[in-house]
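Residues: numbered from 1 along the sequence shown. Counting starts at 1 for both ligands and their atoms, in listed order.
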Amino acid sequence: MANTILIGAQWGDEGKGKIIDVLTEDADVVVRTQGGNNAGHTVLIKAQKFVLHLVPSGILRKGKVCVIGNGVVVDPVSLVSEMEGLRKLGVKYKGNLFLSETAHLVFPYHRELDAQRETLQGKNKIGTTKRGIGPAYGDKAARTGLRVLDLIQPDRFKQKLELKIKENNEVLKAFGAKPLLFKNVHEEYRAAGDYLKPFVANTVVLLHEAVRKGKDILFEGAQGTFLDIDHGTYPFVTSSNTTAGGACTGSGIPPHRMDRVVGVMKAYTTRVGEGPLPTENAEVADMLHAMGREFGATTGRPRRCGWFDAVATRHACMVNGIDELAVTNIDGLDSLASIKVCIGYRCDTKRYEFVPNDTEALNRCEPVYAEFPGWEASTSSARKWKDLPPRTRSYLKALAELTGAKLAIASVGPGREQTIVL
Ligand code: GDP
Ligand code: IMO
Ligand code: MG
């Protein structure tokens, strides 16, 4: 399969988990390289639904090696609970799951600060998942974070945590929030540290050994291009590099060892949280929500929905170097008589063919639409390209052409088998 970076080409929740699960069949190793448990990747296997937050989605296929890389921020208590949940569902990970010793840790004070900052922002809030992601990456950048290495060394951990709790309690007090009790946090994290210790590894060395042996590695992106800290709709973004480059820095595998980039996108657009969404449309949202779709896998919040935005996906293609496209949720548009696609933005007197960097300008952008005839037929049982209605095929070809990459996968349902590989 070659070394493949898989990224979200929109605002997250594109169906990365499902496509990862499909591609893992041909991979040896699956690596998460950024983000934390703000991610929620859904995989449906027969009738069983799995939602993965920190554990790579590849864990659901027997014998695949899964790695939580150095670029991920890890809430160890949450990770243990996720692993235990998987174990109870019969998923085996002993000997197959590895956690980077240099991944940074998320603590309760990060979550509390995340929530307090959001409250303080009021109507300007980001709409975070409140998982402490921003403050944890903040500590990492400020060089004051604690890492997995610290967690598994009891004396060192105790010393460092004591200081951090002291410092952060002062900040929490300033917000008028309840200070944390060192003893409680320490006990909980030490227990998680003991549980996780057998999984901790130098994952950079481990991954390079895999490369040397010619193994195929799949890099599982979290979030999406427009949530990238550098390339997204700042400040309405997450705190990591969700674009293809993040796979290199978050794993220690250099760019020239990567063979291809797969961009996952929905056949329409969704976003959860605040920030610009040029093609947002209430009718599209009502239709999808009425079908019981588009509720967040991590927070349960209803996702904002709109038409496919080809300006955005073209931009995503550029910054990620996308070679191949996986288009998901095609079946979500089955009932429509007519489908709109945004092919340009109009802002004041300007016309944009790319996403402007100024979020305020983007907020003022009006989409310029092209209209496509709907297929008004169920696609969910299609298994081959020729099973799709001609109008669906034309629509997908247009999305690929407008985005500027090759259509490789078409997904017509959440199940493994509801996948058309071109
Ligand atoms: P991720 O974060 O990118 O992995 O995406 P999420 O799992 O958060 O959200 C995608 C949702 O779409 C999940 O509920 C998936 O089960 C579902 N899904 C993925 N592909 C398809 C598809 O082609 N059709 C339908 N109906 N659902 C899909
Ligand atoms: P997956 O991997 C969709 C969004 C939040 C918020 C912003 C910042 O499932 O695609 P954060 O908690 O990261 O500080 O929140 O980013 N967000 C996501 N939206 N899918 C995700 O992950 C997301 N992870 C974060 O809603 O707008
Ligand atoms: Mg998700």
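- At under 3.5 Å, not a single nitrogen or oxygen of Ile330, backbone or side chain, sits near a nitrogen or oxygen of ligand 1.
- The distance criterion of under 3.5 Å between nitrogen or oxygen atoms is met by Gly413 with respect to ligand 1.
- If you look at Lys16 next to ligand 2, the close heavy atoms, those under 4.0 Å, all belong to the side chain.
- A side-chain donor from one of Arg293 and Asn329 sits under 3.5 Å from a side-chain acceptor of the other.
- Near Leu227, the atoms of ligand 2 lying under 4.0 angstrom from a non-hydrogen atom of the residue are 4 (C), 16 (O), 17 (N), 18 (C), 19 (N).
- Remark: ligand 1 atoms within the under-4.0 Å shell around heavy atoms of His41 are 1 (P), 2 (O), 4 (O), 7 (O).
- When all heavy atoms are compared, the tightest approach of Ala361 to Cys347 is O-SG, 3.5 Å.
- Contact annotation: for Arg293 versus ligand 1, heavy atoms closer than 4.0 Å belong to the side chain alone.
- Taking a cut-off of under 4.0 Å to the non-hydrogen atoms of Gly127, the atoms of ligand 2 that pass are 5 (C), 6 (C), 26 (O), 27 (O).
- Distances below 4.0 Å separate heavy atoms of Val237 from the following atoms of ligand 2: 7 (C), 8 (C).
- Ranked by closest heavy atom to atom 23 (O) of ligand 1, the top entry among Gly332, Ser411, Pro414, Ala222 is Ser411.
- Here the protein heavy atom with the shortest distance to atom 6 (P) of ligand 1 is Gly40 O, 3.6 Å.
- For a threshold of 3.5 Å applied to N or O pairs, the pair formed by Glu274 and ligand 2 contains no separation below that value.
- With 2.8 Å as the limit, Gly40 counts as an N, O or S neighbour of the Mg ion (ligand 3).
- Less than 4.0 angstrom separates some heavy atom of His41 from each of these atoms of ligand 2: 1 (P), 2 (O), 9 (O).
- Residue Lys18 touches ligand 1 through its side chain alone, judged by heavy-atom distances below 4.0 Å.
- Remark: Glu118 does not engage Lys125 in a salt bridge, criterion side-chain N to carboxylate O under 4.0 Å.
- Contacts of Arg303 with ligand 1, taken as heavy-atom pairs under 4.0 Å, involve the side chain alone.
- The residue from Leu79, Thr203, Val67, Asn70 that alone fulfils the side-chain contact (heavy atoms from CB on, under 4.5 Å) condition with Leu99 is Leu79.
- Note: no N/O pair closer than 3.5 Å links Thr328 and ligand 1 by distance alone.
- Close approach of ligand 2 to Ile126 is summarised as follows: ligand atoms under 4.0 Å from at least one heavy atom of the residue are 8 (C), 27 (O).
- Remark: Asp21 engages Arg61 in a salt bridge, criterion side-chain N to carboxylate O under 4.0 Å.
- Here the heavy atom of the protein found nearest to atom 20 (N) of ligand 2 is Asp13 OD1, 3.1 Å.
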TODO: Please report the C-alpha distance between Arg301 and Thr129 in whole Å, then the side-chain angles of each, then the deciding distance to 0.1 Å, and finally whether the side-chain contact (heavy atoms from CB on, under 4.5 Å) criterion is met.
DONE: CA-CA 10 Å; Arg301 290 177 289 177; Thr129 60; 3.9 Å; yes
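- Considering backbone and side-chain atoms alike, Thr129 places an N or O below 3.5 Å from some N or O of ligand 2.
- Distance from atom 15 (O) of ligand 2 to its nearest protein heavy atom, with residue and atom name: Thr128 CA, 3.3 Å.
- There is a side-chain donor-acceptor pair under 3.5 Å between Glu294 and Tyr268.
- Only the side chain of Arg301 comes within contact range of ligand 2, with a heavy atom under 4.0 Å; no backbone atom does.
- The pair Asp13-Arg271 fails the salt-bridge criterion, with no side-chain N (NZ, NE, NH1 or NH2) lying under 4.0 Å from an Asp/Glu carboxylate O.
- The shortest N or O to N or O distance between Asn38 and ligand 2 is under 3.5 Å.
- Counting protein heavy atoms only, atom 13 (O) of ligand 2 is closest to Thr238 OG1, 2.6 Å.
- Those atoms of ligand 2 that come under 4.0 Å of a heavy atom in Val272, given as number and element, are 3 (C), 5 (C), 19 (N), 26 (O), 27 (O).
- Atom 23 (C) of ligand 2 has as its closest protein heavy atom Gln223 CG, 3.6 Å.
- Both the backbone and the side chain of Thr42 come within contact range of ligand 1, each with a heavy atom under 4.0 Å.
- Interface atoms of ligand 1 facing Ala297, defined by a heavy-atom separation under 4.0 Å, are 8 (O).
- Between His41 and Phe50, the ring center distance fails the sub-6.0 Å criterion.
- Using a 4.0 Å cut-off between heavy atoms, Val412 contacts ligand 1 through its backbone alone, with no side-chain atom that close.
- Residue Ala39 has at least one heavy-atom neighbour below 4.0 Å for each of these atoms of ligand 2: 1 (P), 2 (O), 9 (O), 22 (O).
- Side chains of Thr243 and Asp228: a donor-acceptor N/O pair is present below 3.5 angstrom, by distance only.
- Close approach of ligand 2 to Trp11 (heavy-atom distance below 4.0 Å) involves ligand atoms 3 (C), 19 (N).
- Checked by distance only, ligand 1 and Gly12 stay at 3.5 Å or farther apart across all their nitrogen or oxygen atoms.
- Considering backbone and side-chain N/O of Asn329, one or more are found under 3.5 Å from N/O of ligand 1.
- Outside the 6.0 Å centre-distance limit, the rings of Tyr345 and Phe354 are not counted as a close aromatic pair.
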